[in-house]
Peer 1: 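Please find one structure pasted underneath; my questions will follow.
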Amino acid sequence: RFVVAHCNLSAALVSLSQWKECHDVTLNAMNQFPQLRSNINMVYYIGLSRIGMGDYNEGVRLLSQIVQNHPGHFHAHK
């Protein structure tokens, strides 16, 4: 449940354009639960938050990983 709560909080913070908070929450969750590092949704949220904070190169790199590794996932088409 705790992992799902982090995912939901990250999604909500993206919706609110709270980039720094989203980055911090998502990174914290990934550090606490290493299995989340391969979770497409969490990679998407941290990629968007990096772009939102102005770190375009890292954000694009993260989002490009989704497109390359999971071309059929709906995040690859956003």
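Numbering starts at 1 and runs along the sequence shown. The analysis underlying the following values was restricted to heavy atoms, covering all of them including side chains, and did not include hydrogens, waters or symmetry mates.
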Peer 1: Could you state whether Phe33 and Leu62 fall into the same hydrophobic cluster, counting links through intermediate Ile, Leu, Val, Met, Phe, Trp or Tyr residues with side-chain heavy atoms under 4.5 angstrom apart?
Peer 2: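 Hydrophobic grouping puts Phe33 with Leu62.
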Peer 1: Could you state whether Val67 and Ile46 fall into the same hydrophobic cluster, counting links through intermediate Ile, Leu, Val, Met, Phe, Trp or Tyr residues with side-chain heavy atoms under 4.5 angstrom apart?
Peer 2: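 In one cluster with Val67: Ile46, no.
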Peer 1: So, taking the atom named OG in Ser49 and the one named CD in Gln18, what distance separates them when rounded to the nearest 0.5 Å?
Peer 2: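 The OG atom of Ser49 sits 12.0 Å away from the CD atom of Gln18.
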Peer 1: Could you state whether Ile51 and Val25 fall into the same hydrophobic cluster, counting links through intermediate Ile, Leu, Val, Met, Phe, Trp or Tyr residues with side-chain heavy atoms under 4.5 angstrom apart?
Peer 2: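 No, it is not one cluster - the side chains of Ile51 and Val25 are not joined through contacts under 4.5 Å.
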Peer 1: I need the Met53 CE to Leu48 CG distance, nearest 0.5 Å.
Peer 2: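 Going from CE on Met53 over to CG on Leu48, the span is 11.5 Å.
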Peer 1: Would you give the length of the straight line joining atom OH of Tyr45 to atom NE2 of His6, rounded to the nearest 0.5 angstrom?
Peer 2: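 That separation rounds to 14.0 Å.
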Peer 1: Would you indicate whether the side-chain heavy atoms of Val43 and Arg37 approach each other to under 4.5 Å?
Peer 2: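 The answer is no; the side chains never approach within 4.5 Å.
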Peer 1: Find the distance between OG1 (Thr26) and CZ (Arg50) and round it off to the nearest 0.5 Å.
Peer 2: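 One gets 11.5 Å once the value is rounded to the nearest 0.5 Å.
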Peer 1: Would you give the length of the straight line joining atom CG of Leu63 to atom CD of Glu58, rounded to the nearest 0.5 angstrom?
Peer 2: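 Output value for this atom pair is 10.0 Å.
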Peer 1: Can you tell me if CG on Asn57 sees more than 12 non-hydrogen neighbours from other groups inside 6.0 Å?
Peer 2: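 12 or below, so no.
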Peer 1: Membership question, hydrophobic clusters at under 4.5 Å side-chain separation (ILVMFWY): are Leu13 and Leu36 in the same one?
Peer 2: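 Not linked; separate clusters.
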Peer 1: Could you tell me whether the side chain of Val14 reaches within less than 4.5 Å of the side chain of Trp19, counting heavy atoms only?
Peer 2: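 In short, these two side chains touch, coming nearer than 4.5 Å.
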Peer 1: Indicate yes or no for a side-chain donor-acceptor contact from Asn28 to the backbone of Asp24 under 3.5 Å, with no hydrogens or angles considered.
Peer 2: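 Such a contact is absent between Asn28 side chain and Asp24 backbone.
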Peer 1: For residues Glu21 and Leu16, determine if any side-chain heavy atom of one lies less than 4.5 Å from a side-chain heavy atom of the other.
Peer 2: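 No, their side chains stay 4.5 Å or more apart.
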